[in-house]
Amino acid sequence: MPSRAVKNVPKELVKDKARLIRRETVRLTDICGSGHYGSAFSMAEIVAVLYYQLLHVDPGRPKWADRDRFTMGKGHAAIGLFPVLADQGFFPEAWLDSYSRMGSPLGDHPEMKKTPGIDFSSGSIGHNLSVSVGMALGARLNKSPARAVCLMGDGEQNEGQIWEAAMAASHYRLDNLVGIVDINGAGSDGVAQETLRSEPLKDKWQAFGWNVVVLEDGHDIDQTFDALNRALNAPNGKPTCVLAYTVAGKGVSFMEGTWQWHLGFLGPKDIARAYAEIDAGDIG
Amino acid sequence: MSQTNKYRAHPPAPGMAYMSAELKQTIDLTESTVTDDFDERSWDMVVSLGLSRQLTTGKTLIELAGEGHDDIVVCTADLGRPTQVIDFGKAYPERYFNFGIAERNMIGAAAGLATMGLTPVISNYSFFLALMGVENIRNDICYTHLPVKMVGTHSGIAMGFYGTSHHCCEDIGALRAIPNLILMAPCDGTALTSALRSQIKHPAPIYFRAGRGREAVVYDSPFDFRIGGSNTLREGRHATVLAIGNLVKASLDAHDILAREGIGLTVVDMYSIRPIDREPIRAAARRGPIISAEEANVTGGFGAAVAEVIVDEGLGVRLTKVGMPDAYSVLGPPTHLYRHYGLDGEGVAAAVRKALDAARPTA
């Protein structure tokens, strides 16, 4: 699999985009009155690095056959992806203002038929790695340089279908497939590892025949870039899984590391505090 | 009667695999381990599969690929042999994906393949495809409106003595409630071939509900297998049987039985379950009683779909539903099961007689 060029952009820009993700997540959640803050904040740097440095996509041609495919097993964090797609020009930024309103293309989960730039719909946890397996197989059949990237949650690792897909990916030697596990530790019912333990994830993914890259701090731009770039360009006949250790709610002090903000709603006073902390924050 | 006698009372099921000389002539035994010194009644999987001649999916897809459909990819979950799509895998190994016993992943991967511009055809036992995978079919294939073709084989009670767990009588009810999904039931190998040939390029998801492959032959030549279509196979003036799948042949048998009694029966192969062909239902309502016939739970099944049309259109006609009762089926050899549940010619004929009696005015 030929490597695809990396976009050289200033680190500050990537950090800015992660801030954009967090700010917009707060704003859009306020529109509908409830949302997944914790998951959107934990993936902010990962999504920013992917979309501004690594993925080959073209907002002018959202259906470009050779684009890299990005799917979200943790579809409930779509609120953090929409601002990036709008920023890149996949759809008008005004769409964001319609978030969650009657008939809006944008809701809590991504929908491929409604939103340009969304490569697959999700909602049922555990489905999208399988879809990405199909995309990677299809890219190979089509002799396309497209790569398939699936962002999962750590709670999602409880789903049996993840491991079905993991087996298929290594069986078919899909080195154009990358799985990312956003290990933020939070779930609806509490700490993910207490609800149902999925660790040790490194051993599990390796045992399933994958390369494993451990990303110790998924909020450090340099580390995140290195890990994802290595994963996207590992032509050794194996799929690669990036275990990204992140912090749920990262960027807003009272949310950080708490499962309670996996899903929630901020009142006006706390929205102001959140914006202030996001703007002042220098993550990365 | 003792248990032993009770079970002995049943003759061996006709059509079971015996390694007779005649049979040997007609089956590709390349992979069989049964040799000449075996008992003539011995049979292995190869012999058994060789009898499932109506499972024409693999053969048809090879033909289509040969005609330039190089976008076809085939997916299965360790059931490539029983569904006979393995033939495609032998001809086009790079376009054949066996996902092992992992049905949900197979369905998701097929959806992913479809997004890459390929035409995935899934074939698996219908229970593991339609009922185990119903959520993946709904969210990954139908909600996303992807052109995945699914061939669920061994539907209804075709798995016979393998057990009630493997009987797939609820698939019509489950799939009929999923928007975007076209649901059709080819009744024999020619119909299955016609279905794939007619619909391989259709842009919507389609589920073809097929049998075990040992069905009696209904069609001698291919036809245009239309979405929302049907074929009227016999015309008679007293009553109408609207049948799908295995019950098409049973209804043709019922036609012959009743003809000897002076009863004229119209028999329609209603192969398109969703969308359903409304015209034959309207025509049937003008004729007399309607009998729906299916190898599936009548609750939510094809008969229920017919009932919906009758009520929606105010046709005011009596409907008798022949099919599986709303209960878990017993196990047994398939042929015995069909007789037990009245899903054969005699069973359909009896239902027609009863419907005619009930419709007769009592003065």
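To find a chain, count down the sequence lines: A is the first, B the second, and so on, and within it residues start at 1.
For a residue to count as touching a neighbouring chain, one of its non-hydrogen atoms must lie under 4.5 Å from one of that chain's; by this rule S124(A) touches chain B with backbone and side chain alike. Contact of A139(A) with chain B is made through backbone and side chain together, with heavy-atom distances under 4.5 Å.
Taking 4.5 Å as the limit, every side-chain heavy atom of V133(A) sits out of range of all side-chain heavy atoms of F97(B). Inter-residue side-chain proximity for L146(B) and M112(A) is flagged as met; some heavy-atom pair is nearer than 4.5 Å. Proximity of L118(B) to N142(A): side-chain heavy atoms (C-beta onward) are separated by under 4.5 Å at one or more points. Residues N136(B) and Q161(A) meet the side-chain proximity criterion, which asks for heavy atoms closer than 4.5 Å. The closest side-chain heavy-atom distance from L141(A) to M116(B) is not below 4.5 Å.
Applying the salt bridge (Lys or Arg N to Asp or Glu O under 4.0 Å) test to residues at least two apart or on different chains, the pairs with a partner in residues 118-136 of chain A are R67(A)-D119(A).
To the nearest 0.5 Å, atoms CH2 (W163(A)) and CG (N105(B)) are separated by 13.0 Å. Atom NE2 of H127(A) is separated from atom CZ of R104(B) by 8.5 Å, given to the nearest 0.5 angstrom.
A 6.0 Å sphere centred on CZ of R278(B) holds more than 12 heavy atoms belonging to other residues, nucleotides or ligands. Shown here is R197(B), whose CZ atom has more than 12 heavy atoms of other residues, nucleotides or ligands within 6.0 Å. Around the NZ atom of K202(A), the shell of radius 6.0 Å holds no more than 12 heavy atoms that belong to other residues, nucleotides or ligands. Heavy-atom neighbours of D189(A) CG from other residues, nucleotides or ligands within 6.0 Å: at or below the threshold of 12.
By number of non-hydrogen pairs under 4.5 angstrom with chain A, the leading residue of V73(B), N139(B), I107(B), T144(B) is T144(B). Contacts with chain A were tallied for E94(B), E135(B), M106(B), R95(B); E135(B) has the most, counting heavy-atom pairs under 4.5 Å. Ranked by heavy-atom pairs shorter than 4.5 Å toward chain B, the options M167(A), K63(A), H171(A), R69(A) are led by R69(A). Interface summary for chain B: among G134(A), G126(A), S122(A), G138(A), the most heavy-atom pairs under 4.5 angstrom belong to G134(A).
In this structure, E103(B) and E164(A) approach most closely via the heavy-atom pair N-OE1, 4.0 Å. The two atoms that bring K114(A) and Y143(B) nearest to each other are NZ-OH, 3.9 Å, heavy atoms only. Nearest heavy atom pair, residue F120(A) against residue D140(B), reads CZ-O, 3.3 Å.
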